[in-house]
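The next block holds one structure in the form of structure tokens; read it before the comments.
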Amino acid sequence: MTPAEGLAQQLRPGRGWDQCLAGEFRQPYMVQLAEFLAGEERAGKALFPESRHCFNALNSTPLDKVKVVIIGQDPYHGPGQAHGLCFSVRPDVQVPPSLVNIFKEIQDDLGIAPPDHGCLQPWAEQGVLLLNAVLTVEQGNAGAHQGKGWEAFTDKVIETINQQRQGVVFLLWGSYARKKGRIIDRNRHLVLEGPHPSPLSAYRGFFGCKHFSRANQWLQEQGQTPIDWSLPNKAELLEKYKKK
């Protein structure tokens, strides 16, 4: 089995993505990316998230269930943090600063108190695609896998949603996400843009953007069930996923 074939096997069948993206794994850029990742692992480098979780966003949110897309940049590079969903961390990890600000905006917008953890898996399972532009990173080396091919792959994911779905909400925070979302047809989808929620920029307009209530209003106007932006507490969440 080639590295590209092994990587393709991490994409769970039956979610719609495997059919739409199968051809990407035969493209030269993806072959080179898979060989690069395999080489890094052979060299003993720790990569995050684990390979079985690199497509967690796609595996958790089937194509035909996507309601909202949030675009991040690349995974957290500290041990035990990344699990394949942008802005999200495992339940027993300290909530990162940008996610603290996301929770603060949700509280101001919708009156939902912040949870005692930073795991956004329940959002993903409701139809929120939490997509990083780059799906892997080397431990302690932020951005190490940028420019290796992931950006082309995730562009294809966005293109697939743009063409095959109707009425999706795209939340584009920061200049990187806005550039990534240039291909979105705004006659078919709702695009909400704002500053990144990081402590460096959240006060420039992320706070007060009301993207979460606006997204839900749009979904209801499209005849869809809105997203429940609240999250179970840490104990409930750990118990739920222990059973899976």
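Counting from 1, the numbers follow the sequence of the chain as shown.
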Notebook entry, point to check: Is there side-chain contact between Phe170 and Ile70, with at least one heavy-atom pair below 4.5 Å?
Noted result: no
Checklist line | Donor-acceptor pair, side chain of Asn216 and main chain of Ile227, under 3.5 angstrom | finding: yes
Next item on the list: Establish whether Ile161 and Trp150 are linked, either directly or via other cluster members, by ILVMFWY side-chain heavy-atom contacts under 4.5 Å.
Entry: yes
Item checked: N/O donor-acceptor pair under 3.5 Å between Gln126 side chain and Asp228 backbone -> yes
Margin query: Quick one, Glu138 with Lys148, criterion salt bridge (Lys or Arg N to Asp or Glu O under 4.0 Å). Give me CA distance, side-chain angles, the key distance, then yes/no.
Written below: CA-CA 12 Å; Glu138 179 187 341; Lys148 302 296 185 182; over 6 Å; no
Checklist line | Backbone N/O of Asn162 and side chain of His189: donor-acceptor pair under 3.5 Å | finding: yes
Check: Side chains of Thr61 and Lys67: is there a donor and an acceptor less than 3.5 Å apart?
Finding: no
Next item on the list: Would you please say whether a donor-acceptor pair under 3.5 Å links the side chains of Asp74 and Gln146?
Entry: yes
Next item on the list: State whether a side-chain donor-acceptor pair under 3.5 Å links Gln224 with Gln220.
Entry: no
Checklist line | Sidechain-backbone polar pair: Ser88 side chain, Leu85 backbone, donor-acceptor under 3.5 Å | finding: no
Next item on the list: Test Trp229 against Val128 for side-chain contact (heavy atoms from CB on, under 4.5 Å), laying out the working first.
Entry: CA-CA 10 Å; Trp229 296 105; Val128 182; 4.1 Å; yes
Checklist line | Any donor-acceptor N/O pair, Gln163 side chain to Thr160 backbone, under 3.5 Å | finding: no
Next item on the list: Run through the side-chain heavy atoms of Ile, Leu, Val, Met, Phe, Trp and Tyr, join any pair under 4.5 Å, and report what else lands in Phe48's cluster.
Entry: Val137
Check: Below 6.0 angstrom between ring centroids: does that apply to Trp123 and Phe87?
Finding: no
Notebook entry, point to check: Strictly by modelled atom types, are Ser201 and His196 linked by a side-chain donor-acceptor pair under 3.5 Å?
Noted result: no
Check: Just wondering, do Phe36 and Glu41 contact through their side chains at under 4.5 Å, heavy atoms?
Finding: no
Next item on the list: Could you check if a side-chain atom of Ile71 sits within less than 4.5 angstrom of a side-chain atom of Trp173, using non-hydrogen atoms only?
Entry: no
Margin query: Tell me whether His145 contacts the main-chain N or O of Leu37 through its side chain, where contact means a donor paired with an acceptor under 3.5 Å.
Written below: no
Check: Is Lys156 close to Glu24 at the side-chain level, that is, under 4.5 Å between some pair of heavy atoms?
Finding: yes
Next item on the list: Indicate yes or no: at least one non-hydrogen side-chain atom of Arg90 is less than 4.5 angstrom from one of His53.
Entry: yes
Next item on the list: Could you list the residues that satisfy side-chain hydrogen bond (donor to acceptor under 3.5 Å, both in side chains) with Arg204, not counting sequence neighbours?
Entry: none
Notebook entry, point to check: Quick one: are Phe153 and Phe55 in side-chain contact, heavy atoms under 4.5 Å?
Noted result: yes
Check: Hey, are Lys180 and Asp155 close enough for a salt bridge, meaning a charged N less than 4.0 Å from a carboxylate O?
Finding: yes
Notebook entry, point to check: Between Gln164 and Asp64, does any side-chain donor sit less than 3.5 Å from a side-chain acceptor?
Noted result: no
Item checked: Presence of salt bridge, Arg15 and Glu125, under 4.0 angstrom -> no
Next item on the list: Check whether any side-chain heavy atom of Leu171 sits under 4.5 Å from a side-chain heavy atom of Val68, and report yes or no.
Entry: yes
Checklist line | Side chain proximity check, Trp17 to Val157, heavy atoms < 4.5 angstrom | finding: yes
Check: Just wondering, more than 12 heavy atoms not from Lys210 lying within 6.0 Å of its NZ?
Finding: yes
Checklist line | Leu172/Leu192 under side-chain contact (heavy atoms from CB on, under 4.5 Å): CA gap, chis, key distance, verdict | finding: CA-CA 6 Å; Leu172 307 180; Leu192 299 177; over 6 Å; no
Item checked: Side-chain donor/acceptor of Asp116 to backbone N/O of Asn233, under 3.5 Å -> no
Check: Does Glu5 reach the main-chain N or O of Thr2 with its side chain, forming a donor-acceptor pair under 3.5 Å?
Finding: yes
Note to self: Regarding Arg165 and Glu159, does a basic nitrogen lie under 4.0 Å from an acidic carboxylate oxygen?
What the structure shows: no
Note to self: Keeping Glu105 on the side-chain end and Asn101 on the backbone end, is there a donor-acceptor pair under 3.5 Å?
What the structure shows: no
Check: Does one hydrophobic cluster hold both Leu7 and Met1, with members joined at side-chain heavy-atom distances below 4.5 Å?
Finding: no
